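Just the heavy atoms: all of them, side chains too, but no hydrogens, waters or symmetry mates, feed the values below. The model shown is predicted, which means the values in this text are computed figures rather than measured ones. Proteins get letters first, then strands, A, B, ... in listed order; numbering begins at 1 in each.
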There are 2 protein chains.
Amino acid sequence: MNRPDKRVTRILIVDDHPVIQAGLVSMLATHPEVSVMGSASSGEEALARMEEDMPDIVLLDLRMPGMTGIDVLHAMRQRKASARAIILTSFETDENIYRAIQVGAQGYLLKDTSQREMLQAIATVHAGRKYIPAQIAARLAERMMRSSLTARELEILNMLSKGLTNKQTGKALKISENTVRNHVNSILEKLEVADRTEAVTVAIQQGIIQVAG
Amino acid sequence: MNRPDKRVTRILIVDDHPVIQAGLVSMLATHPEVSVMGSASSGEEALARMEEDMPDIVLLDLRMPGMTGIDVLHAMRQRKASARAIILTSFETDENIYRAIQVGAQGYLLKDTSQREMLQAIATVHAGRKYIPAQIAARLAERMMRSSLTARELEILNMLSKGLTNKQTGKALKISENTVRNHVNSILEKLEVADRTEAVTVAIQQGIIQVAG
DNA sequence: GCGCAGGTAGTAGAGATGTACTATGCGCCG
DNA sequence: CGGCGCATAGTACATCTCTACTACCTGCGC
């Protein structure tokens, strides 16, 4: 609980890739104003570490096996964790950015960020402000313009992407084909696309549905 | 041209992400049997560096602005470069793996690879053998099973993904709607899918078409 | 020169999709 | 309680998609 030096920003790295962990440690280690407390390779480990190490800032990867970064943010919020979170990820779908900010991320960086910018983001967030690069902010705005798909619509969108017809989808969900059609039309309107095929492209592009590798 | 120590494997890192560069340097620096000659942030820089530094192994990212890793491999082959290449990437679409191996990559690693495995891959490739993890090899086999789409089919698949109808596609390509239909049917057969919507999902999933972020 | 792959074009018909409405029941929130 | 969003269901019609064929031309390799 006692901090050795109040001016030093204490960092916890959460990323399942060893090379990223090593890279961040190496990029941050030489700077006296930050101190890397440690690294976690999973969300579960991160939450445990957070209670022990009391970091000021958590650098958080979104895509991890098990808990995702979003899950970790949720858990942090519930536990009223004092640490602030900066998302650090290779991917930047509109949906991911939107969700991360919604559950309380204070910063959002891409993995191609320079050391200089990374340090600046850490300083900014530690000072209590948000750090969202313009490019990311633009995507966030884009996403906030559009209304969200409902749970049912998401479910149906996923079935579209697997090539099910309206009839097959209706049977699978035990609703009529007509109802499926209504939902499909809502999806097309919300995504602002011409047909189900484009809907799938846009949904994947924006991270609304995932394509299991 | 004179190598200080023949037992040392000389490495060139090619990746546009500073954090990955730093991570790889840090993971490899402490090991006496490898020596990192330097890092390049782009394919163009990598090719220049290769002539100067004469590395034994190039650790090559696939996704980079400008030249992709595949482009670099092509250029290396044309110039009959002596260096062997190991692909090091976050992504692993069937198509990327297939293309990389086809143009002469000797290894294929994911960025979640441990330090131990990375060193082993480097040693194996330096000894003249290939290093393909079982998981990657399985995907490669999967890809080799299927016949490739023709240039025309690819073009039409891209238009499908944008929501164009057969008629619109025909007009855009100045061919008849009937011909488009024939191509679409070939696509469905080759991808083994039920309809154009599933075709787009599968094509994106396998890296056959890209979704511009 | 012949076969083969790829691109082109056509026909006919069954079925799926998209559009444009109306309408009901449920649960939530102010 | 009233309004609203959501899920449900329906009808009718125009259009698009998919299937199953046949057919011709070109370029390439054996």
Side-chain angles (χ1 to χ4, degrees), chain A residues 95 98-99 102 143-206 208-209, chain B residues 95 98-99 102 143-206 208-209:
Chain A
E95 199 63 22
Y98 179 73
R99 286 188 200 151
Q102 253 199 342
R143 169 61 184 79
M144 292 203 291
M145 286 303 170
R146 287 199 324 277
S147 47
S148 299
L149 298 189
T150 66
R152 201 52 154 174
E153 284 161 0
L154 263 181
E155 201 170 5
I156 285 170
L157 179 55
N158 266 293
M159 305 187 99
L160 292 196
S161 75
K162 292 181 186 130
L164 273 72
T165 65
N166 291 337
K167 190 180 290 184
Q168 290 171 324
T169 302
K171 188 165 285 181
L173 298 180
K174 297 181 200 299
I175 59 180
S176 90
E177 183 188 346
N178 290 314
T179 302
V180 176
R181 259 193 230 188
N182 292 335
H183 287 307
V184 171
N185 280 326
S186 302
I187 293 169
L188 300 186
E189 277 177 25
K190 287 187 181 176
L191 297 185
E192 298 173 40
V193 294
D195 59 36
R196 61 214 284 121
T197 305
E198 191 184 3
V200 166
T201 306
V202 168
I204 292 175
Q205 186 179 102
Q206 299 187 347
I208 298 171
I209 62 177
Chain B
E95 200 62 22
Y98 180 72
R99 286 188 200 152
Q102 252 199 342
R143 170 61 185 79
M144 294 205 289
M145 285 304 171
R146 285 199 324 276
S147 47
S148 299
L149 298 189
T150 66
R152 201 52 154 172
E153 284 161 0
L154 263 181
E155 202 171 5
I156 285 171
L157 179 55
N158 265 293
M159 306 189 99
L160 291 196
S161 76
K162 290 179 186 131
L164 274 71
T165 65
N166 291 337
K167 191 180 289 183
Q168 290 171 323
T169 302
K171 188 166 284 183
L173 298 180
K174 297 183 200 296
I175 58 179
S176 91
E177 184 188 344
N178 291 315
T179 303
V180 176
R181 271 213 292 233
N182 293 335
H183 287 308
V184 171
N185 279 326
S186 303
I187 293 168
L188 301 186
E189 278 177 25
K190 287 187 181 174
L191 297 186
E192 298 174 41
V193 295
D195 59 38
R196 63 217 280 120
T197 305
E198 193 185 1
V200 166
T201 307
V202 167
I204 293 175
Q205 186 179 105
Q206 300 189 345
I208 297 170
I209 62 177

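Phosphate contact (OP1/OP2 of dT8(C), side-chain N/O of Ser176(B), threshold under 4.0 Å): absent. Between Thr165(A) and the phosphate of dG15(C), there is no side-chain N or O to OP1/OP2 separation shorter than 4.0 Å. Between Asn178(A) and the phosphate of dG10(D), there is a side-chain N or O to OP1/OP2 separation shorter than 4.0 Å. Between Lys167(A) and the phosphate of dG15(C), there is no side-chain N or O to OP1/OP2 separation shorter than 4.0 Å. Between Thr179(A) and the phosphate of dA9(D), there is a side-chain N or O to OP1/OP2 separation shorter than 4.0 Å.
The terminal axes of the helix from dG1(C)-dC30(D) to dG30(C)-dC1(D), fitted over 5 pairs per end, subtend an angle of 50° to the nearest 10°.
A 4.5 Å side-chain heavy-atom check between Arg196(A) and Asp195(B) finds every atom pair outside the cut-off. Residues Thr169(A) and His183(A) have side chains not in contact (no heavy-atom distance under 4.5 Å, counting atoms from C-beta outward). Between Ile208(A) and Lys190(A), every side-chain heavy-atom pair lies at or beyond the 4.5 Å cut-off. Taking 4.5 Å as the limit, some side-chain heavy atom of Ile156(A) sits within range of a side-chain heavy atom of Leu173(A).
Atom pair Glu189(B):CD and dG6(C):P shows a separation of 12 Å (rounding to whole Å applied). The distance from atom CG of Asp195(A) to atom P of dC16(D) is 11 Å, rounded to the nearest whole Å. The distance between atom CG of Leu154(B) and atom C1' of dG7(C), rounded to the nearest whole Å, is 15 Å. One can place CD1 of Ile175(B) at 16 Å from P of dG6(C), the figure rounded to the nearest angstrom. Put simply, CE on Met159(A) is 16 Å from P on dA16(C), counting in whole angstrom units. Residue His183(B) contributes atom NE2, which lies 5 Å from atom C1' of dG7(C) at whole-angstrom precision. dT15(D) atom P lies 14 Å from atom CD of Gln168(B), rounded to whole Å. Rounded to whole Å, the distance from CZ on Arg196(B) to P on dT17(D) is 4 Å.
At a threshold of 4.0 angstrom between heavy atoms, the contacts of Thr150(A) are confined to the sugar-phosphate backbone, with no base atom among them. Note on Asn166(A): only backbone sugar-phosphate atoms sit closer than 4.0 angstrom, heavy atoms only; bases stay farther off.
Counting distance only, with no hydrogens placed and no angle test, the side-chain atoms of Asn185(A) and the base atoms of dA20(C) include no donor-acceptor pair under 3.5 Å. If you check distances only, the side chain of Arg181(A) does reach the base of dG18(C) with a donor-acceptor pair under 3.5 Å.
Distance alone, capped at 3.5 Å, is enough to place a donor-acceptor pair between the Glu198(A) side chain and the Ala194(A) backbone.
Place Leu188(B) and Arg152(A) on DNA chain D by their nearest nucleotides, and Arg152(A) ends up nearer the 5' end.
In plain terms, the two heavy atoms of Thr201(A) and Ser161(B) that are nearest each other are OG1-O, 2.6 Å. Taking all atoms of both residues into account, the shortest heavy-atom contact from Ala199(B) to Leu188(B) is CB-CD2, 4.0 Å.
Between the side chains of Arg181(A) and Asn178(A), no donor N or O sits under 3.5 Å from an acceptor N or O.
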